[in-house]
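Here is the structure we will look at, set down as structure tokens.
The residues of the chain are indexed from 1 along the displayed sequence. Heavy atoms only: backbone and side chains are in, while hydrogens, waters and symmetry mates are out.
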Amino acid sequence: MTKIIDLSVKEKIYKSKKAQISILNDFRLEVTAGEKIAIVGESGAGKSSLLNIIGLLDRNYAGEYTLFGSPTDQLHTSQLAQWRNQRIGFVLQESALINSLTVEDNIKLPFLYASRDKKGVGEIEDFDTVVSAIEIRHILKKKPLECSGGEKARAVFARGIIMKPQIILADEPTASLDVENRERIVTLLFSMNKEFNTTIITVTHDLDIANRHDRVIHLERSK
Ligand SMILES: Nc1ncnc2c1ncn2[C@@H]1O[C@H](COP(=O)(O)OP(=O)(O)OP(=O)(O)O)[C@@H](O)[C@H]1O
């Protein structure tokens, strides 16, 4: 089985004028391709910080990280950008939609970023499949400010998976959704895992959803 993530964090420090906090002390994570992993833990334990590190959004920590077989400290900026757009799908709490664009254009943004190195083969089919699965066709022409919180969450989710990334990092992807839409999102995540062997890493406070993953990792707040 291919090891896709090999992360060893000594510590992640946040400094502010008044205080300094240290999280993820001696934290290790190894993930094989196609695993479904849930991350749970109390507020402030470092779940979102961990996703930022895994997704190469934060490289400012003490530790070592090999992703897709490459030590990440040796990646060039252009490769980092390409991986973040094409190989890693982000559904993060702060993933904002661009208010001046329609939902459709927001979801298609990753295609635009990728156009320099990937022609649009299969883009229309991918877009159509995702839109049908999440049932958001009726909001495609709306702007984000005209959507409900749940509709925006589904649009963010669609944008995160549209490139069929190898890893999906989802931070509370179902938090603002009703039961029906929650189930729709979880079903889609797991069907991508089954069909494309996508590795799924989900931060959630919902133990029912966590337990449907292959492995549940409990993060504890640093003492
Ligand atoms: N940019 C930042 N600057 C300073 N401190 C930060 C920053 N981001 C996070 N922290 C602190 O780091 C700790 C971990 O935060 P993080 O958001 O990773 O936790 P979490 O487990 O995801 O929490 P929650 O479940 O509430 O979303 C918290 O104490 C938080 O206040």
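- Leu67 has its side chain within reach of Ile167: a pair of non-hydrogen atoms, C-beta onward, lies under 4.5 Å apart.
- Residue Pro173 is tested with Ile168, Ile209, Val91 for a side chain to side chain contact (heavy atoms under 4.5 Å, CB included); the sole match is Val91.
- By the 4.0 Å N-to-carboxylate-O rule, Arg212 lies close enough to Glu183 to be salt-bridged with it.
- A donor-acceptor pair under 3.5 Å is formed between the side chain of Thr198 and the backbone N or O of Met192.
- Atom CG of residue Leu189 and atom NE2 of residue His213 lie 6.5 Å apart, to the nearest 0.5 angstrom.
- Nearest approach of Arg215 to Leu29, heavy atoms of both residues: NH1-CD1, 4.5 Å.
- Not a single donor-acceptor pair under 3.5 Å links the side chain of Asn181 to the backbone N or O of Leu177.
- Residue Thr199 holds its OG1 atom at 7.0 Å from CD1 of Ile201, rounded to the nearest 0.5 Å.
- Under the side chain to side chain donor-acceptor pair (under 3.5 Å) criterion, Glu146 pairs with no residue at all, not counting sequence neighbours.
- Hydrophobic clustering (side-chain heavy atoms under 4.5 Å, transitive across Ile, Leu, Val, Met, Phe, Trp, Tyr) keeps Val40 apart from Ile185.
- No side-chain donor-acceptor contact under 3.5 Å links Thr2 to the backbone of Ile4.
- The minimum heavy-atom distance between Gly41 and Lys47, with the atom names listed, is O-NZ, 2.9 Å.
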message: Evaluate Leu56 against Leu75 for side-chain contact (heavy atoms from CB on, under 4.5 Å), listing each step before the verdict.
response: CA-CA 10 Å; Leu56 302 171; Leu75 293 175; 4.2 Å; yes
- request: Could you please spell out the steps behind the side-chain contact (heavy atoms from CB on, under 4.5 Å) verdict for Phe157 and Thr174?
  value: CA-CA 9 Å; Phe157 184 80; Thr174 57; over 6 Å; no
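- Taking CG of Leu169 as the reference point, atom CG of Leu51 lies at 5.5 Å (rounded to 0.5 Å).
- Under the ring pair (Phe, Tyr, Trp, His ring centres under 6.0 Å) criterion, Phe196 pairs with no residue at all, not counting sequence neighbours.
- Counting only heavy atoms from C-beta outward, the side chains of Thr102 and Leu140 never approach each other to under 4.5 Å.
- The existence of a salt bridge linking Arg159 and Asp105 is excluded, since no basic side-chain nitrogen approaches an acidic carboxylate oxygen closer than 4.0 Å.
- A donor-acceptor distance shorter than 3.5 angstrom exists from the side chain of Asn211 to the backbone of Leu207, with no hydrogens or angles considered.
- Residue pairs meeting the side chain to side chain donor-acceptor pair (under 3.5 Å) criterion with at least one member in residues 57-78, sequence neighbours excluded, are Lys12-Asp58.
- By the rule that hydrophobic residues join a cluster once side-chain heavy atoms approach within less than 4.5 Å of another member, Leu92 and Ile37 end up as members of one cluster.
- In this structure, the side chains of Lys152 and Leu97 come closer than 4.5 Å at one or more pairs of heavy atoms.
- Of all non-hydrogen atoms in Thr204 and Ala210, the two that sit nearest each other are CG2-CB, 3.9 Å.
- In plain terms, the two heavy atoms of Leu101 and Pro144 that are nearest each other are O-CD, 3.1 Å.
- Atom CG of Leu188 sits about 11.5 Å away from atom CZ of Arg154, to the nearest 0.5 Å.
- Figure legend: Arg87 and Phe68 shown as a cation-pi pair, the cationic atom lying under 6.0 angstrom from the six-membered ring centre and within 45 degrees of its axis.
- Note on Val203: it does not cluster hydrophobically with Val216, by side-chain heavy-atom contacts below 4.5 Å among ILVMFWY residues.
- Of the N and O atoms on the side chains of Ser48 and Asp171, at least one donor lies less than 3.5 Å from an acceptor on the other residue.
- For Glu42 (side chain) and Glu220 (main-chain N/O), no donor-acceptor pair under 3.5 Å exists by modelled atom type.
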query: Are Val103 and Glu151 close enough, and set up right, to give a side-chain contact (heavy atoms from CB on, under 4.5 Å), and what steps lead you there?
result: CA-CA 10 Å; Val103 167; Glu151 287 169 343; over 6 Å; no
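- Pairs engaging residues 3-54 under the ring-ring contact (aromatic ring centres under 6.0 Å, His included) rule: none recorded [sequence neighbours left out].
- Closest of all the heavy-atom pairs between Ala45 and Ile23 is O-CB, 4.5 Å.
- Qualifying side chain to side chain contact (heavy atoms under 4.5 Å, CB included) partners for Gln20, counting only residues two or more places apart in sequence or in other chains: Ile13, Lys15.
- A distance of 12.0 Å separates CD1 of Ile162 from CG of Asn106, quoted to the nearest 0.5 Å.
- Glu11 meets the salt bridge (Lys or Arg N to Asp or Glu O under 4.0 Å) test with no other residue; sequence neighbours excluded.
- Taken to the nearest 0.5 Å, the CG atom of Leu50 stands 7.5 Å off from the CD1 atom of Ile217.
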field: Arg137/Asp128 under salt bridge (Lys or Arg N to Asp or Glu O under 4.0 Å): CA gap, chis, key distance, verdict
entry: CA-CA 9 Å; Arg137 204 167 294 283; Asp128 242 49; 3.8 Å; yes
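- Salt-bridge formation is detected for the pair Glu30/Arg28: a Lys NZ or Arg NE/NH1/NH2 atom is positioned less than 4.0 Å from an Asp or Glu carboxylate oxygen.
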- request: Decide yes or no on side-chain contact (heavy atoms from CB on, under 4.5 Å) for Leu24 and Ile53, but give the supporting numbers first.
  value: CA-CA 11 Å; Leu24 301 172; Ile53 289 174; 3.9 Å; yes
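- Shown here for Ala158 and Val130, the closest heavy-atom pair between the two residues is CB-CG1, 3.7 Å.
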